[in-house]
Amino acid sequence: MRHLMNITDFSVEEINELIEVSKDIINNGSKYSEKCKGKQLATLFFEPSTRTRLSFESAMLSLGGSVLGFSSASSSSTAKGESVGDTIQTVSCYADIIAMRHPKEGAPEVAAQTTLVPIINAGDGGHNHPTQTLTDLLTISQEKGTLDNLTIGLCGDLKFGRTVHSLITAMSRYKNVKFILISPVELQLPDYIIKDVLEKNNIEYKVTQSMEEYMDELDILYMTRVQKERFFNEADYIRLKDYYILDCNKLGKAKKDLCIMHPLPRVNEIAKEVDSDPRAAYFRQVKYGKYIRMALILKLLEIK
Ligand code: NCD
């Protein structure tokens, strides 16, 4: 039985295979409409979510399966003091596969110790978010036609942004990828990712506080929200929350085929006026999230 805890749980070949299956789903959706007949997906969200939970549910429903679950810890027995291990062991008696999101880093690994069915990490604290990364990889592959030879700017909260951590880890396995890390000093990428991912693999990267400094070099601009819920101090959040706001003016020097991404939700970091720029890919990205999760469910349930 396989789980998805970290994006590196899958080889590059397996990820490429998931991308290919997603593309087939996009083109031949009806072929997949009964693949998960009789199967149940549980979505256990101990933390808020719109896209991740609903895309998982929509994915399973489009595969002919059904869904159960909860969307907040307060409506589950967690509120009575039940441990993650016991909750997961219980739900794995009902469901065939579980997608879970939890505020504590490492909670999915704890879940993996008691589960009877595959577990998918749908975000653990400020750590990882591998299914957002699968979404991002499909988006990049569709929008740019390749995952190699790209300069990727990541902008905003690189410290607490789990989608950034998983995306850098994933993209570091493709050829000739460079990163521009754009953040305030307080929200820089954690040292463990710089050392264990970027430096260990000899990946070229630049650190800047300026959104515009390298704008003309970027193939991808990945914007992120400042992660309010991970701050210890509200004053720090208020000071940093609007540090970067992308607008049409700031895109002045950008490439004509730049791809602007955002895992969403957006707060203020992208002005509404950017939405009508054809380079704004973030709502297309939302759609890709459903297709790749369909491919992922099939893979973990070993359905051909
Ligand atoms: C992200 C998350 O939960 O980490 N959202 C998502 O799943 N699409 C990003 C965020 O909340 O800022």
**Q** Looking only at side chains, do Gln227 and Tyr237 share a donor and an acceptor under 3.5 Å apart?
**A**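 On atom types as modelled, these side chains do not qualify, holding no pair under 3.5 Å.
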**Q** For Val267, is there any backbone N or O sitting under 3.5 Å from a side-chain donor or acceptor partner on Glu269?
**A**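 Indeed, once roles are kept as given, a pair shorter than 3.5 Å links the two residues.
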**Q** Any luck finding a side-chain donor-acceptor pair between Ser62 and Lys290 under 3.5 Å?
**A**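 Ser62 vs Lys290: donor-acceptor pair found between side chains.
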**Q** Give the minimum heavy-atom separation between Thr115 and Val117, together with the two atoms involved.
**A**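 That would be OG1-O, 2.8 Å.
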**Q** Can you tell if the side chain of Met215 reaches within under 4.5 Å of the side chain of Glu217, non-hydrogen atoms only?
**A**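 A side-chain contact is absent here, since even the closest heavy-atom pair is not under 4.5 Å.
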**Q** Do Val226 and Met261 belong to the same hydrophobic cluster, where Ile, Leu, Val, Met, Phe, Trp and Tyr are linked whenever their side-chain heavy atoms lie under 4.5 Å apart, directly or via other members?
**A**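 Different clusters: Val226 never reaches Met261 through Ile, Leu, Val, Met, Phe, Trp or Tyr contacts under 4.5 Å.
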**Q** Under 3.5 Å, is there a donor-acceptor pair between the side chain of Ser166 and the main chain of His129?
**A**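 Present.
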**Q** Suppose we screen for salt bridge (charged side-chain N to carboxylate O under 4.0 Å, His left out). Which residues come up paired with Lys144, at least two apart in sequence or across chains?
**A**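 Listed in chain order: Asp257.
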**Q** Can you name the salt bridge (charged side-chain N to carboxylate O under 4.0 Å, His left out) partners of Lys200, sequence neighbours left out?
**A**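 For Lys200, no residue satisfies salt bridge (charged side-chain N to carboxylate O under 4.0 Å, His left out) once neighbours in sequence are set aside.
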**Q** Is there a continuous path of hydrophobic side-chain contacts, each under 4.5 Å between heavy atoms, that joins Ile119 to Met294?
**A**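 Ile119 and Met294: separate clusters.
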**Q** So which heavy atom on Ala295 is nearest to which on Ser22, and how close?
**A**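 Shortest heavy-atom separation between Ala295 and Ser22 comes out as CB-OG, 3.7 Å.
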**Q** Got a sec, which pairs hit salt bridge (charged side-chain N to carboxylate O under 4.0 Å, His left out) with one end in residues 230-239, sequence neighbours left out?
**A**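 Qualifying pairs, neighbours excluded: Glu47-Arg230, Glu186-Arg239, Asp236-Arg239.
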**Q** Would you say the side chain of Leu221 lies within less than 4.5 Å of the side chain of Arg279, judging by non-hydrogen atoms?
**A**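 When only atoms from C-beta onward are counted, Leu221 and Arg279 do not touch, as no gap falls below 4.5 Å.
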**Q** Thr151: which residues meet the side-chain contact (heavy atoms from CB on, under 4.5 Å) condition with it, sequence neighbours left out?
**A**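 side-chain contact (heavy atoms from CB on, under 4.5 Å) list for Thr151, sorted by chain: Lys178, Ile180, Leu218, Asp219.
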**Q** Should Gln209 and Ile182 count as side-chain neighbours, where that means a heavy-atom distance under 4.5 Å?
**A**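 They are not in side-chain contact.
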**Q** Grouping I, L, V, M, F, W and Y whenever their side-chain heavy atoms are under 4.5 Å apart, do Leu4 and Ile19 come out in a common cluster?
**A**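 Shared cluster, yes.
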**Q** Does any part of the side chain of Ser141, heavy atoms only, come nearer than 4.5 Å to the side chain of Tyr288, both counted from C-beta?
**A**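 Result no, sub-4.5 Å side-chain heavy-atom pair not found.
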**Q** Considering only heavy atoms from C-beta outward, does the side chain of Phe56 approach that of Ile120 to under 4.5 Å?
**A**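 When only atoms from C-beta onward are counted, Ile120 and Phe56 do touch, with a gap below 4.5 Å.
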**Q** Does a donor on one side chain and an acceptor on the other come within less than 3.5 Å for Ser74 and Ser72?
**A**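 Yes, Ser72 and Ser74 have a side-chain donor paired with an acceptor closer than 3.5 Å.
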**Q** Under a plain distance cut-off of 3.5 Å, with no hydrogens placed, do His262 and Gln285 share a side-chain donor-acceptor pair?
**A**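 Absent: no donor and acceptor within the cut-off.
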**Q** Can you list every salt bridge (charged side-chain N to carboxylate O under 4.0 Å, His left out) pair that touches residues 69-89, not counting sequence neighbours?
**A**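 Every pair satisfying salt bridge (charged side-chain N to carboxylate O under 4.0 Å, His left out) with a residue in residues 69-89: there are none.
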**Q** How about Tyr174 and Thr146: do any of their side-chain heavy atoms sit closer than 4.5 Å?
**A**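 No - every pair of side-chain heavy atoms lies 4.5 Å or more apart.
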**Q** Which residue pairs pass the ring pair (Phe, Tyr, Trp, His ring centres under 6.0 Å) test when at least one of the two sits in residues 19-52, sequence neighbours left out?
**A**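 Found Phe46-Phe70, Phe46-His102.
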**Q** Tell me if the NZ atom of Lys253 is crowded by more than 12 foreign heavy atoms within 6.0 Å.
**A**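 Yes, enclosed.
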**Q** Any chance you could measure Arg293, atom CZ, to Ser58, atom OG, to the nearest 0.5 Å?
**A**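 Result: 10.5 Å between the selected atoms.
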**Q** CG/Leu68 to CE/Met60 distance, rounded to the nearest 0.5 angstrom?
**A**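 So the gap between those two atoms works out to 9.5 Å.
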**Q** Let me confirm one number: the CG-OG1 distance from Leu187 to Thr224, rounded to the nearest 0.5 Å.
**A**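 Spacing of CG (Leu187) from OG1 (Thr224) equals 8.5 Å.
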**Q** Output all residues satisfying ring pair (Phe, Tyr, Trp, His ring centres under 6.0 Å) with Phe160, sequence neighbours left out; order by chain, then residue number.
**A**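 Here the qualifying residues are Phe231.
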**Q** Less than 3.5 Å apart, any donor N or O on the side chain of Ser66 or Gln40 sitting next to an acceptor on the other?
**A**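 Their side chains do not contain a donor-acceptor pair, so the 3.5 Å distance test is not met.
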**Q** Enumerate the residue pairs fulfilling salt bridge (charged side-chain N to carboxylate O under 4.0 Å, His left out) with a member in residues 26-38, sequence neighbours excluded, ordered by first and then second residue.
**A**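 Applying salt bridge (charged side-chain N to carboxylate O under 4.0 Å, His left out) to every pair that reaches into residues 26-38, excluding sequence neighbours, yields Asp24-Lys31.
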**Q** Consider only side-chain N and O atoms of Asp148 and Asn176, and report whether a donor and an acceptor are under 3.5 Å apart.
**A**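 On atom types as modelled, these side chains do not qualify, holding no pair under 3.5 Å.
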**Q** Any salt bridge (charged side-chain N to carboxylate O under 4.0 Å, His left out) pairs touching residues 127-143, not counting sequence neighbours?
**A**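 The answer is Glu143-Arg284.
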**Q** Are Leu54 and Leu44 linked, directly or through other ILVMFWY residues, by side chains that come within less than 4.5 angstrom of each other?
**A**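 No, because Leu54 and Leu44 fall into different hydrophobic clusters, even though each may have its own neighbours under 4.5 Å.
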**Q** Is the backbone of Tyr222 close enough, under 3.5 Å, to the side chain of Tyr282 for a donor and an acceptor to pair up by distance?
**A**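 Answer holds: no.
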**Q** How long is the span from the CD1 atom in Ile260 to the CD1 atom in Ile220, to the nearest 0.5 Å?
**A**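 So the CD1 of Ile260 and the CD1 of Ile220 are separated by 10.5 Å.
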**Q** Would you mind telling me which of Leu189, Asn6, Thr133 makes a side-chain contact (heavy atoms from CB on, under 4.5 Å) with His165?
**A**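 Filter result, single survivor: Leu189.
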**Q** For the pair Arg2 (side chain) and Phe10 (backbone), establish whether a donor and an acceptor sit closer than 3.5 Å, ignoring hydrogens and angles.
**A**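 Not at all, since once roles are kept as given, no pair shorter than 3.5 Å links the two residues.
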**Q** Just grab all the ring pair (Phe, Tyr, Trp, His ring centres under 6.0 Å) pairs involving residues 185-205, residues at least two apart or on different chains.
**A**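 Found none.
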**Q** Please round to the nearest 0.5 Å and tell me the distance separating atom OH of Tyr244 and atom OG of Ser210.
**A**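 So the OH of Tyr244 and the OG of Ser210 are separated by 7.5 Å.
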**Q** Any side-chain hydrogen bond (donor to acceptor under 3.5 Å, both in side chains) involving residues 295-304? Give me the pairs, sequence neighbours left out, ordered by first then second residue.
**A**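 Non-adjacent pairs meeting side-chain hydrogen bond (donor to acceptor under 3.5 Å, both in side chains): Glu14-Lys299.
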**Q** Who are the side-chain contact (heavy atoms from CB on, under 4.5 Å) partners of Asp191, not counting sequence neighbours?
**A**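 Checked Asp191 against side-chain contact (heavy atoms from CB on, under 4.5 Å); matches are Lys195.
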**Q** Same cluster or not: are Leu167 and Ile193 linked, directly or through other Ile, Leu, Val, Met, Phe, Trp or Tyr residues, by side-chain heavy atoms under 4.5 angstrom apart?
**A**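 Same cluster: Leu167 reaches Ile193 through Ile, Leu, Val, Met, Phe, Trp or Tyr contacts under 4.5 Å.
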**Q** Measuring from atom CG of Leu240 to atom NZ of Lys228, what distance do you get when rounded to the nearest 0.5 angstrom?
**A**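 Going from CG on Leu240 over to NZ on Lys228, the span is 13.5 Å.
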**Q** Decide yes or no on side chain to side chain donor-acceptor pair (under 3.5 Å) for Glu213 and Thr208, but give the supporting numbers first.
**A** CA-CA 8 Å; Glu213 187 177 359; Thr208 178; 2.7 Å; yes
**Q** For a 4.5 angstrom cut-off between non-hydrogen side-chain atoms, does Leu154 reach Ile168?
**A**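 They are in side-chain contact.
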**Q** Are the side chains of Arg101 and Asp124 in contact, using a 4.5 Å heavy-atom criterion?
**A**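 Heavy-atom side-chain distance check fails, nothing below 4.5 Å.
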**Q** Could you verify whether a donor N or O on one side chain and an acceptor N or O on the other, from Thr43 and Arg53, lie under 3.5 Å apart?
**A**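 Side-chain D/A pair, Thr43 to Arg53: absent.
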**Q** Counting distance only, does the side-chain N/O of Asn201 pair as donor-acceptor with the main-chain N or O of Ile203 below 3.5 Å?
**A**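 Such a contact is absent between Asn201 side chain and Ile203 backbone.
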